[in-house]
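Worksheet: one structure, shown below.
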Amino acid sequence: MMTIDTVRYEPFTIETAIAYSKQIGLFTQNDVLEAEEIGDGNLNLVFRIQNKEANKSIILKQALPYAKVVGSSWPLTLDRARIESEALKHAYEVVPEFTPRVYHSDHTLAVTVMDDLSHLQIVRKGLIEGKVYPRLARDIGTFLAHTLFYHSDFGMNQQEKKKLTLHFNNPELCKITEDLVFTDPFFDHDTNNIPSKLREFVETTLWSDKTLKREVASLKHLFLTKGEALIHGDLHTGSIFASTEETVVIDPEFAYFGPMGFDIGAFIANILLSYLSQEGHIENDQTRNEYQDYLLSVLIETWNIFDVEFGALWQDNSQDSFMKVDGYLDDVLKQIFQDTLGFAGCKMIRRMIGLAGVEDVEAIENEELRLNVKRSAITLGKTLIMNRSQITSINELKKVVTQ
Ligand code: SR1
Ligand code: MG
């Protein structure tokens with residue numbers, strides 16, 4: 001019988017992952033288990049361990065001490081596994097229906113053991129295949145409203161919030177976002193990944209536009225300083241599993257107390273990237289238009305559900321006397337919407353020219369089409385950043401996108 005040492009960190013192998021899942025009591029020593037490493041993200045190892053006979057499976061996720069997407073030359077804190085398991089537990093308290101259950105975590109081994117969601121599909125992949133998820137918008141709008149409200153000064157005890165903030169001090173992962181989302185794409189930085197045919201466009205559209213840089217500077221400052229709520233921190237469509245009946249949000253290792261609009265903006269940015277990338281995935285004009293209309297409806301419904309749910313929570317659970325003041329809720333939602341658009345713009349741009357692109361666009365084989373999608377995404381991202389205070393409703397955003 002193999003015993004796993006829990007006193008010092010060691011990356012798991014198939015064999016040790018199986019032994020560990022027995023050691024922590026999730027399976028018996030006699031169970032016949034199979035495991036595979038299925039991690040396709042940028043940072044971690046992910047093992048699926050199953051007892052086929054009993055039809056039982058779990059996911060064992062382990063942080064590596066470096067960023068997998070780059071290699072061991074980019075060391076990265078193992079503390080992100082603690083952050084992830086704690087953030088999942090907090091989300092589970094308020095939205096268990098949209099959160100994997102954590103069965104076990106060990107901060108030394110940087111491991112989180114949780115529900116296997118293999119019966120669902122990563123939404124980014126599904127959208128590339130042209131799938132429709134009838135519950136996605138409603139579920140993500142609800143997820144956002146509940147997780148953000150209940151972990152903010154509006155929905156939780158304000159003294160408790162200050163204490164909780166200390167548990168989600170996540171400097172190394174925040175720094176990744178500060179660099180890769182808010183800084184590097186707006187300068188000629190060596191982390192960028194820019195096709196040579198796009199370079200001139202990037203130079204004129206982004207790098208030489210001083211007004212744009214001032215706006216991005218202020219969005220970066222919001223990300224650095226606005227500890228509004230415990231946010232997921234990386235809520236792109238690769239962090240969401242779904243089917244036609246279910247939606248589950250995974251991967252909150254970038255969680256910290258930041259601006260609410262950063263989570264909403266991440267989701268909106270990735271739906272918009274899917275929208276634009278359909279030029280390269282669906283040839284038939286009518287089919288493509290219909291699917292793009294569906295994606296726009298996802299944007300609209302997500303925001304509308306967020307708005308209504310957040311408003312309802314505000315009426316019933318206020319933690320602050322000022323929340324009863326007429327018009328204050330409108331002011332807060334207006335500000336969240338404005339932040340959302342600005343962050344969405346930055347996120348669209350970083351995925352087009354920065355480190356870590358998105359499959360929606362990179363999978364387009366035809367180079368001209370792919371470059372056109374990248375140009376459109378950069379242009380739309382810039383429009384969202386520059387016009388975020390003039391676009392005051394989700395329907396206006398739809399107009400901007402379709403124009
Ligand atoms: C080095 S990590 C690159 C990106 O992957 C994650 O999903 C985050 O978005 C991060 O910026
Ligand atoms: Mg991730």
Side-chain angles (χ1 to χ4, degrees), residues 37-46 59 61-88 91 99-100 110-112 114 117 120-125 140 143 170-186 189-193 216 219-220 223-224 231-242 248-256 258-259 262-274 343-362 377 381:
E37 205 278 309
I38 56 168
D40 65 351
N42 294 323
L43 299 175
N44 305 296
L45 293 174
V46 181
I59 291 294
K61 178 171 176 180
Q62 187 183 37
L64 287 164
Y66 53 84
K68 197 167 87 179
V69 66
V70 176
S72 54
S73 61
W74 187 342
L76 199 52
T77 177
L78 294 174
D79 190 45
R80 67 189 195 272
R82 179 191 63 80
I83 297 266
E84 172 162 350
S85 62
E86 296 298 315
L88 284 173
T99 310
V111 75
T112 307
M114 62 190 120
L117 302 168
L120 307 177
Q121 186 182 27
I122 285 289
V123 167
R124 186 186 302 291
K125 304 247 182 226
I140 293 299
F143 171 89
N170 198 357
E172 281 191 43
L173 276 80
C174 284
K175 175 81 168 101
I176 291 179
T177 304
E178 287 147 27
D179 291 344
L180 296 187
V181 177
F182 293 107
T183 313
D184 300 357
F186 300 94
H189 200 280
D190 58 11
T191 60
N192 289 329
N193 181 9
V216 176
L219 287 161
K220 180 178 176 182
F223 183 84
L224 285 161
I231 67 169
H232 178 286
D234 199 23
L235 191 51
H236 54 81
T237 46
S239 296
I240 305 171
F241 268 111
V248 181
V249 176
I250 59 163
D251 241 8
E253 67 200 308
F254 284 76
Y256 84 115
F262 192 75
D263 275 359
I264 313 170
F267 182 69
I268 284 186
N270 281 270
I271 295 295
L272 286 173
L273 291 179
S274 174
F343 292 136
C346 295
K347 291 222 145 213
M348 291 179 76
I349 290 170
R350 69 73 61 113
R351 293 294 185 191
M352 294 305 96
I353 57 168
L355 188 131
V358 285
E359 195 184 338
D360 316 52
V361 180
E362 299 306 332

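Order of appearance sets the numbers: ligands from 1, and atoms from 1 within every ligand. Computed over heavy atoms, backbone and side chain alike; hydrogens, waters and symmetry mates excluded.
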At less than 4.0 angstrom from any non-hydrogen atom of Ile176, what atoms of ligand 1 do you find? 11 (O)
Heavy atoms, side chains only, cut-off 4.5 Å: are Pro65 and Leu76 in contact? no
Contact between Leu88 and Pro100 at the side-chain level, heavy atoms closer than 4.5 Å - yes or no? yes
Do Ser239 and Asp234 meet the criterion of a side-chain donor-acceptor pair at a distance under 3.5 Å? no
Note the single closest protein heavy atom to atom 6 (C) of ligand 1, along with its residue, its atom name and the distance in Å. Asp234 OD2, 3.2 Å
Got a sec, which pairs hit side chain to side chain donor-acceptor pair (under 3.5 Å) with one end in residues 347-361, sequence neighbours left out? Arg124-Asp360, Lys125-Glu359
If the condition is side-chain hydrogen bond (donor to acceptor under 3.5 Å, both in side chains), which residues does Glu178 pass it with, not counting sequence neighbours? none
Should you measure from each heavy atom of His236, which atoms of ligand 1 turn up under 4.0 Å away? 7 (O)
Can you tell me if Arg351 has a non-hydrogen atom under 4.0 Å from ligand 1? yes
Would you mind telling me if ligand 1 is within reach of the side chain of Arg350, the backbone, both or neither, using heavy atoms under 4.0 Å? side chain
For atom 2 (S) of ligand 1, what is the nearest protein heavy atom, given as residue, atom name and distance? Leu43 CD2, 3.8 Å
Closer than 2.8 Å to the Mg ion (ligand 2): how many protein N, O or S atoms are there? 1
Sequence-distant partners of Phe343, ring pair (Phe, Tyr, Trp, His ring centres under 6.0 Å), two or more places apart: Phe182, Phe262
If you define the side chain from C-beta out and look only at heavy atoms, does anything of Ile38 sit under 4.5 Å from Ile59? yes
I want to check something: taking the side chain as every heavy atom from C-beta on, are Ile240 and Ile122 in contact at a cut-off of under 4.5 Å? no
At less than 4.0 angstrom from any non-hydrogen atom of Val69, what atoms of ligand 1 do you find? 1 (C)
Atoms in ligand 1 with a heavy atom of Asn42 nearer than 4.0 Å: 3 (C), 4 (C), 5 (O), 6 (C), 7 (O)
So, Glu253 versus Asn44: side-chain donor-acceptor pair below 3.5 Å or not? yes
Under a 4.0 angstrom heavy-atom cut-off, which atoms of ligand 1 come close to Trp74? 1 (C)
List the atom of Ala269, the atom of Ala344, and the distance in Å for their closest heavy-atom pair. CB-O, 3.4 Å
